[in-house]
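Below is one structure; the comments refer to it alone.
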Protein chains: 2
Amino acid sequence: MKPAEINQAWNGAEKCKLCSIRHLVLFADLNEDDFQHLHHPIKEFEFKTGSTLYKRNDTIDYVYTVRSGLVKLVHYLPNGSYRITRLLRQGDLAGIEALNGSAYLQHAIAMRETSVCKIPVKNIQQLNNESAQLYKQLTVRWHKVQSEADIWLTHLTMGSSKHRVAHLLIYLAGDKANDEFFLPSREDIGALLAITTETASRIIAEFKREGLLKNQKNFASIDRLKLNSIL
Amino acid sequence: MKPAEINQAWNGAEKCKLCSIRHLVLFADLNEDDFQHLHHPIKEFEFKTGSTLYKRNDTIDYVYTVRSGLVKLVHYLPNGSYRITRLLRQGDLAGIEALNGSAYLQHAIAMRETSVCKIPVKNIQQLNNESAQLYKQLTVRWHKVQSEADIWLTHLTMGSSKHRVAHLLIYLAGDKANDEFFLPSREDIGALLAITTETASRIIAEFKREGLLKNQKNFASIDRLKLNSIL
DNA sequence: AAAACTAATTGATAATTATCAATTTACAAA
DNA sequence: TTTGTAAATTGATAATTATCAATTAGTTTT
């Protein structure tokens with residue numbers, strides 16, 4: 001499945017400067033001059049549900065900024081199953097490890113329609129050499145990776161299955177008050193929490209029966225108070 | 001419990017240049033000139049088993065390089081239990097999040113006698129401004145944090161308890177062929193793998209009975225082949 | 001060395017979760 | 001709409017793990 005390439009290459013600077021979510025992304029702190037160093041074209045892509053941004057060990061020339069949608073980082077296991085080690089949302093960077101010249105660590109797959117900017121690593125290196133602004137943002141990103149991994153380990157891999165699912169739902173719902181969020185398939189929930197698909201399904205179904213969770217297709221909303229009360 | 005301060009402050013550059021494990025640490029790539037920028041004293045400390053390097057939310061002015069020993073990063077949970085989210089060994093950096101001016105994410109506690117260098121964050125910032133060498137090492141460290149978190153999530157939090165313990169032992173044994181390694185308490189093994197102390201104990205005892213693991217007090221060695229065969 | 005304490009082990013049982021299988025629901029293609 | 005296919009749900013049972021309790025081994029203090 002090939003992603004749609006929304007735009008042709010453009011003169012790097014122009015579009016990035018106007019980006020509506022720039023405050024959220026890697027280039028947040030760049031100033032007018034910095035954009036001069038973007039010599040390699042940055043392109044925007046749409047990925048359909050289930051399509052692959054990159055595979056483990058792919059050539060590692062790009063970093064991806066998620067503009068919208070949801071991306072899972074996946075490890076495939078020898079026995080054919082898989083484990084999701086992280087989710088990426090708006091403003092998150094995928095493939096950040098490419099900056100060290102090491103291969104991508106996981107497969108990155110869109111869980112729903114997802115829009116990304118594909119940034120050549122060379123741009124980043126160039127910016128790093130010419131300007132100190134980017135370095136700061138980069139360490140902020142690394143830091144976020146670390147603290148998220150930590151949250152994951154602390155809350156999403158321990159306790160009963162019910163606790164884990166509750167934590168995941170709260171995580172997925174994010175900060176926004178009553179908004180709907182994307183509810184992953186039961187298989188993905190299992191892969192996220194290290195439980196079986198069936199167990200994930202049972203718990204989600206139970207939550208729905210008890211009114212902790214409502215959904216229309218893949219979109220859901222939670223009753224935060226009730227969910228928190230079972231933690 | 002106060003750590004022993006082995007050395008008084010010294011002229012930063014001199015001792016670091018001669019450090020026997022410099023090839024493993026943050027300053028690996030620095031050249032003669034770079035050391036001029038270490039204006040703040042770097043001190044070496046010894047921590048006894050169970051003593052605390054830093055606590056979550058402590059003032060965040062230092063980064064720690066582990067010279068020898070073993071450090072656990074711990075999250076204490078509301079119910080009084082705890083979860084270990086990472087282990088740090090020789091060459092690893094503790095408190096790397098201090099570089100972003102954010103608070104430490106966890107408590108760092110020595111699991112055995114541990115020797116560390118305490119590096120003022122100001123040194124790092126200064127080096128970053130004056131030289132590009134350090135940036136590279138830093139991203140390598142961040143990257144290592146990420147990939148270790150990943151390994152943790154993929155192997156140490158899924159599968160049966162027996163699988164997890166086996167994976168942990170192999171991780172602890174590291175690369176060195178037949179060397180002994182520090183075997184954590186059963187409670188710590190539980191906190192590392194999200195299983196109970198009793199389950200950890202049962203499995204360790206079983207491994208010992210079956211000859212997969214030998215130990216003298218806290219030091220153990222494994223039969224790699226046999227352990228791998230149960231994965 | 002004896003006493004006191006802590007960590008490790010083991011046993012019995014209850015609770016949880018995985019497994020295997022069947023059924024129902026949702027979705028997409030014809 | 002009908003048909004085919006995949007996903008979600010549910011049931012029954014087996015396996016695993018937690019829990020509670022007791023015992024043994026190991027360490028430290030007196």
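What you are looking at is a predicted structure, and each value in this text was computed from that prediction instead of being measured. Letters go in sequence order (proteins before strands), and every chain restarts at 1.
Between A/I204 atom CD1 and A/L213 atom CG the span is 5.5 Å, to the nearest 0.5 Å.
Of the residues in residues 190-198 of chain B, those lying under 4.0 Å from DNA chain D by heavy-atom distance are B/I195, B/T196, B/E198. Near DNA chain C, meaning a heavy atom under 4.0 Å from it, residues 153-162 of chain A has A/S160, A/S161 in order of number.
A side chain to side chain donor-acceptor pair (under 3.5 Å) check over residues 202-217 of chain A, counting only residues at least two apart or in different chains, returns the pairs A/K162-A/E206.
For the pair A/D188 CG and D/dA6 C1', the computed distance is 14 Å after rounding to whole Å. Atom-to-atom, CG of B/N215 to P of C/dA7 comes out at 16 Å; the value is rounded to the nearest Å. If you take CD of B/E206 and P of C/dG11, they are 12 Å apart, rounded to a whole angstrom. Summarising the geometry, the separation between CD1 on B/I189 and P on D/dA18 is reported as 14 Å, rounded to the nearest angstrom. Per the geometry, CD1 belonging to A/I203 stands 14 Å off C1' belonging to D/dA8, to the nearest Å. Atom P of nucleotide D/dA7 and atom CD1 of A/I204 are separated by 16 Å, given to the nearest angstrom. Between B/F207 atom CZ and C/dT10 atom P there is a gap of 14 Å when expressed in whole angstrom units. Remark: C1' of C/dA18 and CG of A/N79 are 14 Å apart, rounded to the nearest angstrom.
Checking side-chain atoms of B/Q146 against main-chain N and O of A/E97 turns up no donor-acceptor pair under 3.5 Å. With B/S201 contributing its side chain and B/T199 its backbone, the two residues share no donor-acceptor pair below 3.5 Å. No donor-acceptor distance shorter than 3.5 angstrom exists from the side chain of A/R56 to the backbone of A/Y54, with no hydrogens or angles considered. Panel note: side chain B/R141, backbone B/V25; a donor-acceptor pair is recorded below 3.5 Å.
Side chain of A/T199, nearest nucleotide from C/dA18, C/dT19, D/dT27: C/dA18. Between D/dA8, C/dT9, D/dG11, one nucleotide has an atom nearer to the side chain of A/R186 than all others, and that is D/dA8. Closest to the side chain of A/S201, out of C/dT10, D/dA8, D/dT17, is D/dA8. Of the candidates D/dA18, D/dT10, C/dA8, C/dA8 carries the atom nearest the B/S185 side chain, counting heavy atoms from C-beta on.
Defined by atom type and a distance below 3.5 Å, a donor-acceptor pair is missing between the side-chain atoms of B/Q106 and B/Y82.
A/R209 comes within 4.0 angstrom of the backbone, heavy atoms only, and of no base.
When the nearest nucleotides of DNA chain C are assigned to A/R202 and A/N218 by heavy-atom distance, the more 5′-ward of the two goes with A/R202.
A cation-pi arrangement is present between B/R89 and B/Y171 under the rule of less than 6.0 angstrom and at most 45 degrees off the ring axis.
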Worked verdict on A/W152 versus A/R86 for side chain to side chain contact (heavy atoms under 4.5 Å, CB included): CA-CA 8 Å; A/W152 218 256; A/R86 209 146 55 88; 5.6 Å; no
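Each of B/L53, B/V63, B/L88 was compared with B/V116 under the side chain to side chain contact (heavy atoms under 4.5 Å, CB included) criterion, and only B/L53 meets it.
Below the 3.5 angstrom threshold, one finds no donor paired with an acceptor across the side chain of A/R164 and the base of C/dT17.
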